[in-house]
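Some notes on the structure that comes next.
Letters A, B, ... mirror the listed sequences (proteins, then strands); counts begin at 1.
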Amino acid sequence: MGPRSKSRRLGRTFYTGSPLVVAPLLLNKLLVTADGRSGRIVEVEAYWGAQDPASHAYRGRTARNATMFRRGGHLYVYLSYGMHWCANVVCGPEGEAQAVLLRALQPVEGLDLMRAARWRDQRRRDDRDLCRGPGRLCQAMGIDRSDDGIDLTRPSSPVWIADDGVAPPESPAGTARVGISVGTDLPWRFAVGDHPGLSRPVVRRSG
DNA sequence: GTCCCGATTCCCT
DNA sequence: GGGAATCGGGACC
């Protein structure tokens with residue numbers, strides 16, 4: 001009996017909060033694909049629309065970021081460095097362009113599909129690298145731009161988010177976001193503490 | 001039209 | 001720890 005048998009959907013209201021509320025609540029939820037892949041969300045980052053210089057929406061609406069401006073509960077997918085897809089959970093009300101970047105999953109189901117999607121040569125590979133990093137998790141889950149805009153609240157969607165009863169961490173510490181050049185002082189990265197599948201170790205600022 | 005660079009990953013050292 | 005890969009968006013002329 002796999003996790004999906006006891007999973008339930010998250011209602012639209014779950015996604016209407018701000019990214020700083022939704023991001024930590026997404027920890028320990030399951031990202032599930034229609035072909036049987038699933039992974040537990042262990043690392044996320046909040047992006048706050050027009051207020052956030054690191055956000056794609058900082059300079060307004062474009063064809064690429066249009067999905068960010070929809071109401072919460074949709075999937076925003078974009079291409080990074082010309083070769084990696086990155087998946088975001090849109091949250092907040094319509095027009096706010098708030099989103100949560102999914103940075104790492106703990107693989108749960110469909111690991112064979114994930115391995116096949118990630119690696120042509122399976123030798124010398126570590127399953128901890130399947131979904132460790134925003135580009136890797138999209139490759140493992142088979143997510144690309146064709147999934148941009150799908151409804152994450154529907155179990156019938158190609159990708160959706162399920163709650164299988166595992167609670168999020170009680171008070172995950174916010175730490176600095178990764179891979180950006182502006183807004184680096186904002187502690188908007190949230191992770192399940194000490195999880196081996198994090199894209200990077202959680203390091204709190206000493207100052 | 002041209003130019004720069006990115007919410008990254010991989011492989012080598 | 002460093003550099004290459006790779007390409008679309010957005011700024012600017």
Handout entry: Candidates C:dG8, B:dC10, B:dT8 - which lies nearest the side chain of A:Arg118
Key = B:dC10

Handout entry: A:Asp148 and A:Thr67 side chains, donor-acceptor separation under 3.5 Å
Key = yes

Problem - Common cluster, A:Leu102/A:Tyr15, ILVMFWY with side-chain heavy-atom separation under 4.5 Å - result: yes

Handout entry: A:Arg177 to A:Tyr47, cation-pi by 6.0 Å centre distance and 45° axis angle
Key = yes

Problem - A:Gly49 backbone acceptor or donor facing A:Asp52 side chain under 3.5 Å - result: no

Practice task
Write down the atom of A:Pro19, the atom of A:Val100, and the distance for their closest heavy-atom approach.
Solution key: O-CG2, 4.0 Å

Completion exercise
A:Gln139 atom CD is separated from B:dT8 atom P, nearest whole Å, by 15 Å

Problem - A:Gln106: partners by side chain to side chain donor-acceptor pair (under 3.5 Å), with sequence neighbours left out - result: A:His195

Practice task
Quickly work out the A:Leu102 CG to B:dT8 P distance and round it to whole Å.
Solution key: 13 Å

Handout entry: Toward the 5' end of DNA chain C, by each residue's nearest nucleotide, A:His84 or A:Arg145
Key = A:His84

Practice task
Determine the Euclidean distance between corresponding C1' atoms of B:dC5 and C:dG3; express it in Å to zero decimal places.
Solution key: 16 Å

Exercise for the section: Would you indicate what A:Arg103 reaches in the nucleic acid, counting non-hydrogen atoms under 4.0 angstrom: base, sugar-phosphate, or nothing? Expected result: sugar-phosphate

Fill in the blank from the handout: Quick note, A:Met83 side chain, CB onward, closest among B:dA7, B:dT9, C:dT6 is C:dT6

Handout entry: Nearest-nucleotide comparison on DNA chain B, the residue closer to the 5′ end among A:Ala99 and A:Trp119
Key = A:Ala99

Problem - Base partner of B:dG6, which must satisfy Watson-Crick or wobble distances under 3.5 Å - result: C:dC7

Problem - Ring-base stacking, A:Tyr78 with B:dA7 (5.5 Å, 30° cut-offs) - result: no

Problem - Those residues of residues 54-69 of chain A lying under 4.0 Å from DNA chain C by at least one heavy atom - result: A:Arg59, A:Thr62, A:Arg64

Fill in the blank from the handout: Result for 5'-nearest mapping on DNA chain B, choosing between A:Arg136 and A:Gly179, is A:Gly179

